[in-house]
Every structure is written in structure tokens, then in C-alpha cells.
Amino acid sequence: MDTIFGLGGLLLVPVLLTTGAPLTSSWPNAAVGAYMALVPMFVGYVLFGWGLAHVAASTATTLSLLEPAVAAVLAVLVVGERLPASGWTGIALVVACLAVLTAPTRPAARRPRQQEPAATPVPGATARPAAPTPEQGR
């Protein structure tokens, strides 16, 4: 992850130099940019990487599917975004599907084991004597 983000950051330096004048024009703008780079990106992805190393792959995948829904809800609650009915329906479907995926399953009921029928002798075949058990000796 660090290599991907590091190389991505280096590739974006020319974009910053050509279009980043508003970001570097004042201290408050630069402070917002530094905060956005350090807290949500750097700290967030360091913790995300640490979490990925400590949970099962299936758990990480399931939680990653929930991330866009949480981001949309936070955008509504914190920033004041408006989400159309189709967006709320999508969030509800994602949550419902994840609830089904993560619900514990009941073990299947065990069926009683059926006895296998005794082997019928084949005409003309000679029966082999059974091997002696340790108690019988050799």
C-alpha cells in the first residue's frame, strides 16, 4: 500500500504544480490540504492496512463492501449532502446483503447413519479368511 500511495503522490506532483495555486495561496488553504493529506489519508490508510493484517480476508472483504454506504451516510449527516431515494434504497440493500452474509448459520441436522447391507457372496468366488486381530495373535 505504501508503494502505491507513494508513487501515486509523486505522479500527482505535476498536477499540484499546474492547478494547485489556490491550495498554496494562503495558510488556511495549505492547512486544510495538510490536514486532508495526514488525517483521512495517511492515518486512515495506515489503520486500514493494520486492520487488514489482523483480520481474515473474508471479514476484510465484507467490511470493505460496507465502506461506501457508511461514507454516504456520513456525507448526509456531517456535510449535509442530500441522498435521493434510490441512494437510500441502495444503502438498505447493501446492509441487508451484508446482514445475510454475516449471520451465523445453524449446523445442518444430522441424519441417522444407515447400516450398509451385508455383502452377498458372488457365486464361484472363494471367501478370504479375515485377518487376525492383535488379540488373536498371528
Is [Y] reachable from [X] through a run of hydrophobic residues whose side-chain heavy atoms are each under 4.5 Å from the next?
X: Phe5; Y: Leu7; value: no
X: Val95; Y: Leu93; value: no
X: Val15; Y: Val13; value: no
X: Leu74; Y: Leu65; value: yes
X: Val78; Y: Val76; value: yes

Run through Leu38, Val32, Val39 and flag the one making a side chain to side chain contact (heavy atoms under 4.5 Å, CB included) with Met36.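 Going through Leu38, Val32, Val39 one by one, the side chain to side chain contact (heavy atoms under 4.5 Å, CB included) with Met36 is satisfied by Val32 alone.
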Show, in sequence, the C-alpha distance, side-chain angles and deciding distance for Val70 and Ile91, and conclude whether the side-chain contact (heavy atoms from CB on, under 4.5 Å) test is met. CA-CA 8 Å; Val70 171; Ile91 290 173; over 6 Å; no
Check whether any side-chain heavy atom of Val73 lies under 4.5 Å from a side-chain heavy atom of Leu83, and answer yes or no.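 No, their side chains stay 4.5 Å or more apart.
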Side chains of Leu63 and Leu98, heavy atoms from C-beta outward: is any pair under 4.5 Å?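 Heavy-atom side-chain distance check fails, nothing below 4.5 Å.
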Which residue pairs satisfy the ring pair (Phe, Tyr, Trp, His ring centres under 6.0 Å) criterion with at least one member in residues 51-93, sequence neighbours excluded?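 Every pair satisfying ring pair (Phe, Tyr, Trp, His ring centres under 6.0 Å) with a residue in residues 51-93: Trp50-His54.
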Roughly how far, to the nearest 0.5 Å, is CG of Leu52 from CG of Leu47?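 Output value for this atom pair is 11.0 Å.
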Determine whether Asn29 and Thr24 satisfy the following criterion, side-chain contact (heavy atoms from CB on, under 4.5 Å), listing intermediate values before the conclusion. CA-CA 7 Å; Asn29 291 353; Thr24 58; over 6 Å; no
Heavy atoms of other groups near Leu77 CG, more than 12 under 6.0 Å: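 Yes, enclosed.
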Between Thr19 and Leu16 (side chain of the first, backbone of the second, donor and acceptor by atom type, cut-off under 3.5 Å), is there such a pair?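 Answer holds: no.
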Sequence neighbours excluded, which residues qualify as side-chain hydrogen bond (donor to acceptor under 3.5 Å, both in side chains) partners of Thr105?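 By the side-chain hydrogen bond (donor to acceptor under 3.5 Å, both in side chains) rule, Thr105 matches no residue at all.
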Go through it in stages, so that I can follow the logic: the residues are Thr62 and Thr59, the test is side-chain contact (heavy atoms from CB on, under 4.5 Å), and I'd like the CA-CA distance, side-chain angles, deciding distance and then a yes or no. CA-CA 5 Å; Thr62 302; Thr59 303; 5.8 Å; no
Identify the heavy atoms of Ser64 and Phe48 that sit nearest to each other, and give their distance.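 That closest heavy-atom pairing would be OG-CZ, 4.0 Å.
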For the residue pair Leu23 and Gly33, what are the closest heavy atoms and their distance?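 In this case the closest contact between Leu23 and Gly33 is CD1-CA, 3.8 Å.
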Quick test of your reading: applying side chain to side chain donor-acceptor pair (under 3.5 Å), list the pairs with at least one residue in residues 67-84, sequence neighbours left out, ordered by first then second residue.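 Listed once each, the pairs would be none.
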